[in-house]
Amino acid sequence: MKRKEFLKLSGAGVGAILIPAAVINVISSGCNKNSGMGNMGGMSGSSVNINEGDFLQALLIPATVGANGALTPQATTASLKGSQAYNVFGYQPGSVLGPTFRISKGADVNINVLNNLGESSNVHWHGLHIPASMDGYPTNLINGGASFNYNFTIRQRAGLNWYHPHSHMATARQVYKGLAGLFIVNDTEEAALNLPAGEYEIPLVIQDKRLADTSLSYNPTMMEVMSGYLGDSILVNGKTSPFHEIKSQMYRLRILNGSNARIYNLAFSNNQSFTIIGNDGGLLKKPVSVNDILIAPGERLDILADFSAFIAGDEIFLNSKLFSGAGNAQGKQGFKILKFKITQKTNTAFNIPSVLSSFVSLTAAQASRTRNFDISNAGAMMQSGMHRINNKVFDTNRIDESVAANAIEIWQFDNSLGEEPHPMHIHSIGFQVLQRTGGRNRLTASENGWKDTVLVMPGEIVKVIIPFENNTGKFVFHCHNLEHEDDGMMLQYQLS
Ligand code: C2O
Ligand code: CU
Ligand code: CU
């Protein structure tokens, strides 16, 4: 039984239901600790260790398609690990994930989605600034057997976006079972840089799943709703522990963290530096060299990795390193994600441009108001929907924030009393991160640009500045830990 259901029942005075003793212990100890409505001592879940695998299967690169596409969400089977067949959801038969859309700014997009899942679903185009009717609102669903035509015009700058279901209280399960894909927007500013392309531009969708269970069943316990449903195996583009053959030169890696809840601290196994050139909302102004970078669920990274020092026969891994400050469940283990095998020495040099793109950096003085969102969830323990924003759970019939078209506002996400990391995502717009206080106390190397998802660690308050456009309508914003989202950690704003 889900904790939420249990709490509803017990709150309604049903005393005689049978509950496993362990669950009672956890709930009562949490409640005792929480009796002062303070923090949730020890309730942020426990980590799930990664089984690294053998790095013997080749990385799969999803097919690339243009502006007129079709997706057919369906239950199918896919070999996620060796030849073992798993029962998954795919946007086509035989594999998880879907094709990568590659579309130029200005193009009209027309994608027909025929829902063969046998349950309702929809598609949200994460990162795209498109009309509310096309945004995959949680109750705007395509019934099983029905189809819907998503059409919209791309009016935004180049960047790596993605798509996934956004079905009310079923997003986490549908994504976990395999539904997600990339959506790349190109423009002339980006094209002028002549960044590594073709085989030298590699899309990487990083996800974790529990591969001991070939049916990929999804049924989180209440503790797993707290921590998020963490997997025991890392998949890249739908295959666990893959390898990829490369040449000794510069590569552009376009990375999505498509996991339900797991945060990665990306680094190379030899600790060589790499260059961040972009994030959720496209290119940064200037490249930044780092040795590691965090990426939370929903976030994207555009990096240049220089493999020119290697010779044929060398190997290097993309890893996730240990990290701290993310509560009890995350960052406790380092592990390998993907093996690069250098097969050929080349002499193709690539000089990283010193200026990548230009856009206006917004300042706090430009904002007409600040809205505060308490995401600590302190004291929410004993209520239905453990994860809340401003002590509210998602309600499709309630407008939480009314925003004027074209307003510039600061939204502040306050996790200062919280014990869990929350990657906060806002639909339909891009924002700039202004400030982080508490916790890491600074912006990270990937946060100086346009973002749509920002990681707020326990103890942190993060301010973002949002130039709302005139794309009026009703849009959601939420935690992109998908267990938290489905648990109710989502509100909505009306732009008018
Ligand atoms: Cu990728 Cu509302 O989410
Ligand atoms: Cu989104
Ligand atoms: Cu969260």
Side-chain angles (χ1 to χ4, degrees), residues 40 43-45 121-130 132 134-140 156 159-172 174-176 179-183 205 207 220 224-230 256-263 280-281 295-300 326-327 329-330 373-378 380 385-390 393-394 396 413-415 418-431 450-458 460 462 471 474-493:
M40 305 190 295
M43 285 303 290
S44 56
S121 190
N122 63 6
V123 181
H124 167 56
W125 311 90
H126 180 137
L128 297 187
H129 306 193
I130 54 175
M134 295 293 143
D135 191 55
Y137 185 79
T139 54
N140 196 358
Q156 65 196 82
L160 176 63
N161 304 287
W162 64 300
Y163 59 95
H164 61 78
H166 217 297
S167 339
H168 190 46
M169 302 188 77
T171 297
Q174 293 183 353
V175 172
Y176 178 78
L179 295 179
L182 299 176
F183 194 109
V205 180
Q207 298 176 301
E224 289 163 343
V225 172
M226 300 299 291
S227 58
Y229 202 62
L230 299 165
L256 162 69
N257 182 350
S259 308
N260 280 34
R262 192 178 281 279
I263 300 165
D280 312 346
I295 183 167
E299 287 189 305
R300 287 86 75 204
Q330 301 250 14
F373 298 98
D374 177 4
I375 57 168
S376 288
N377 288 294
M386 293 175 285
H387 295 90
R388 300 173 160 233
I389 300 173
N390 283 348
V393 293
F394 183 59
T396 54
F413 297 110
D414 183 345
N415 196 19
E419 296 199 342
E420 300 168 330
H422 300 295
M424 299 304 298
H425 168 52
I426 309 175
H427 281 215
S428 170
I429 49 82
F431 55 73
W450 289 104
K451 297 276 293 165
D452 57 50
T453 306
V454 66
L455 178 59
V456 190
M457 291 286 210
E460 293 182 351
V462 174
N471 180 26
K474 184 170 76 167
F475 296 96
V476 295
F477 59 103
H478 57 88
C479 178
H480 220 289
N481 175 312
L482 297 181
E483 282 67 45
H484 295 180
E485 175 187 336
D486 279 352
D487 192 40
M489 196 171 175
M490 173 157 67
L491 300 184
Q492 57 189 343
Y493 68 94

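Worth saying up front: this structure is predicted, and the values here are computed from it rather than measured. Both ligands and their constituent atoms are indexed starting at 1 by order of listing. Each residue takes its place number in the sequence, starting with 1. Keep in mind that the numbers below use all heavy atoms, side chains included, and drop hydrogens, waters and symmetry copies.
- Coordination check, His387 versus the Cu ion (ligand 3): failed, since every N/O/S atom of the residue sits at 2.8 Å or beyond.
- Without hydrogens or angle criteria, Gln156 side chain to Gly127 main chain gives a donor-acceptor distance under 3.5 Å.
- Distances from atom 1 (Cu) of ligand 1 under 2.8 Å pick out these protein N/O/S atoms: His126 ND1, His164 NE2, His480 NE2.
- The nearest N/O/S atom of His484 to the Cu ion (ligand 3) is ND1.
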*asked:* Applying side chain to side chain contact (heavy atoms under 4.5 Å, CB included) to Phe477 and Leu491, what does each step give before you reach the verdict?
replied: CA-CA 6 Å; Phe477 59 103; Leu491 300 184; 3.5 Å; yes

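- The NE2 atom of His166 lies 7.5 Å from the CG atom of Asp135; values are rounded to the nearest 0.5 Å.
- Checked by atom type and distance alone, the side chain of Glu224 never pairs as donor or acceptor with a backbone atom of Tyr229 at under 3.5 Å.
- Without hydrogens or angle criteria, Asp280 side chain to Arg300 main chain gives a donor-acceptor distance under 3.5 Å.
- A salt bridge does not link Asp374 to Arg388: none of the charged nitrogens lies less than 4.0 Å from a carboxylate oxygen.
- Between SG of Cys479 and ND1 of His422, the angle at the Cu ion (ligand 3) works out to 130°, rounded to 10 degrees.
- Using a 4.5 Å heavy-atom cutoff, the side chains of Asn377 and Met489 are in contact.
- Among the atoms of His480, none of the N, O or S atoms falls under 2.8 Å from the Cu ion (ligand 3).
- In this structure the side chain of Asn122 reaches within 4.5 angstrom of the side chain of Ser167, judged on heavy atoms.
- With atom 2 (Cu) of ligand 1 as the vertex, atom NE2 of His478 and atom NE2 of His427 span an angle of 110° (nearest 10 degrees).
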